[in-house]
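Just so we're on the same page: letters track the sequence lines, and every chain starts at 1.
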Number of protein chains: 2
Amino acid sequence: MKKIIFVFGLLILALLLLFQFSKYALISSHLKIEIIIAIIALVFFCVGIFINKKSLHKPTPVSEDINHQKIKDLDISKREYEVLLGISEGLSNKEIGEKLFVSESTVKTHVSNLLSKLNAKRRTQALQIAKDSNII
Amino acid sequence: MKKIIFVFGLLILALLLLFQFSKYALISSHLKIEIIIAIIALVFFCVGIFINKKSLHKPTPVSEDINHQKIKDLDISKREYEVLLGISEGLSNKEIGEKLFVSESTVKTHVSNLLSKLNAKRRTQALQIAKDSNII
DNA sequence: AAATGGATCATACTAAAGTACCAAATCACT
DNA sequence: AGTGATTTGGTACTTTAGTATGATCCATTT
């Protein structure tokens with residue numbers, strides 16, 4: 001919010017400066033009208049790109065970052081989350097166990113707890129829910 | 001490539017038109033210099049946003065759209081692809097069968113073919129590969 | 001000190017998933 | 001009309017996934 005006000009303030013300031021500059025340049029006849037127009041065009045072209053990048057670009061890619069709060073809300077422990085990441089990599093329970101240096105039984109326990117916490121019936125469904133919840 | 005040339009051609013054309021317009025407008029004195037500058041500023045502001053959105057915006061959010069060519073390259077049939085989508089929704093083979101109005105056996109066949117085509121051992125791994133290949 | 005919760009592991013079981021092989025119906029294309 | 005690819009479906013089998021239950025260990029909290 002503060003940034004937007006700041007940027008728009010700068011914009012208005014730049015606009016006023018350009019008006020004054022163009023008047024002065026025309027009266028003193030040191031510069032041709034084409035040059036002035038070119039400068040203005042270039043400046044606002046850059047402003048357009050800048051505005052688009054800062055203000056419109058960021059909200060569009062719909063939350064790429066993971067929602068840590070949601071993980072806590074779902075009461076998912078650290079170990080369970082690691083298992084969830086293993087699932088998202090397409091690993092089997094056995095492979096997840098080897099990766100985390102625990103037995104397959106342990107992984108199964110974590111998976112089972114994960115499924116009930118995510119309210120999923122299968123690991124693939126857990127993936128889908130986890131992605132929708134932005135915790136993955 | 002063709003698009004870029006086309007866009008730049010339009011840009012140069014617009015620039016020339018603006019030059020001519022500004023000259024005419026100044027000579028005939030129907031418009032004030034501020035108005036002309038404002039119009040030019042607005043136009044190039046919009047052009048800046050447009051260029052940024054079309055040329056720079058798309059490559060950045062790492063390809064949101066699915067790669068149909070890749071699907072063909074992997075020799076994945078239409079039905080197999082539908083099954084793949086079912087998997088990505090977290091459905092079981094039985095549920096996919098109900099959704100596509102075929103038996104679970106058929107779904108199993110499709111899944112098995114999918115896994116070998118995607119070079120995956122499990123459906124979760126198939127999902128991961130499919131996502132990396134932007135076919136999902 | 002006792003209770004709590006997370007992590008670990010095991011056993012025994014059921015339910016899915018996946019493989020292999022086969023076979024018939026359908027469809028597009030020549 | 002015939003050919004090849006797709007789709008469909010079945011049986012029989014192995015493997016993996018998931019559930020239920022119980023138990024131990026450890027760190028934190030009460």
Side-chain contact, heavy-atom cut-off 4.5 Å: [X] with [Y]?
X         : Y         : answer
Asn134(B) : Lys70(B)  : no
Glu95(A)  : Gln125(B) : no
Val107(A) : Leu100(A) : no
Glu98(B)  : Leu91(B)  : no

Within the 4.0 Å heavy-atom criterion, would you say Thr106(A) contacts the bases, only the backbone, or no part of the nucleic acid?
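Base: the residue Thr106(A), judged by heavy atoms under 4.0 Å, touches a nucleobase.
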How do Ile87(A) and Lys108(B) order along DNA chain D: which one's closest nucleotide is nearer the 5' end?
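It is Lys108(B), whose closest nucleotide lies nearer the 5' terminus.
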When Val111(A) and Val102(B) are each assigned the nearest nucleotide of DNA chain D, the 5'-most assignment goes to Val102(B)
So, OP1 or OP2 of [N]: does either fall under 4.0 Å of a side-chain N or O from [X]?
X         : N       : answer
Arg122(B) : dG18(C) : no
Asn93(B)  : dA16(C) : no
Ser105(B) : dT11(D) : no
Ser77(B)  : dT7(D)  : yes
His110(B) : dG18(C) : no
Ser112(B) : dA17(C) : no

Starting at [atom1] of [X] and ending at [atom2] of [N], how long is that distance when rounded to a whole Å?
X         : N       : atom1 : atom2 : answer
Leu115(A) : dT16(D) : CG    : P     : 18 Å
Leu84(B)  : dT6(D)  : CG    : P     : 16 Å
Asn113(B) : dT6(D)  : CG    : P     : 10 Å
Lys78(A)  : dT28(D) : NZ    : P     : 11 Å
Ile96(B)  : dG18(C) : CD1   : C1'   : 13 Å
Leu114(B) : dT8(D)  : CG    : P     : 13 Å
Glu104(A) : dA12(C) : CD    : P     : 16 Å
Ile76(B)  : dT7(D)  : CD1   : P     : 12 Å

Between Thr106(B) and Ser103(B): side-chain donor-acceptor atoms closer than 3.5 Å
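Yes, a side-chain donor-acceptor pair sits under 3.5 Å.
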Of dG18(C), dT19(D), dG9(D), the nucleotide closest to the side chain of Thr109(B) is dG9(D)
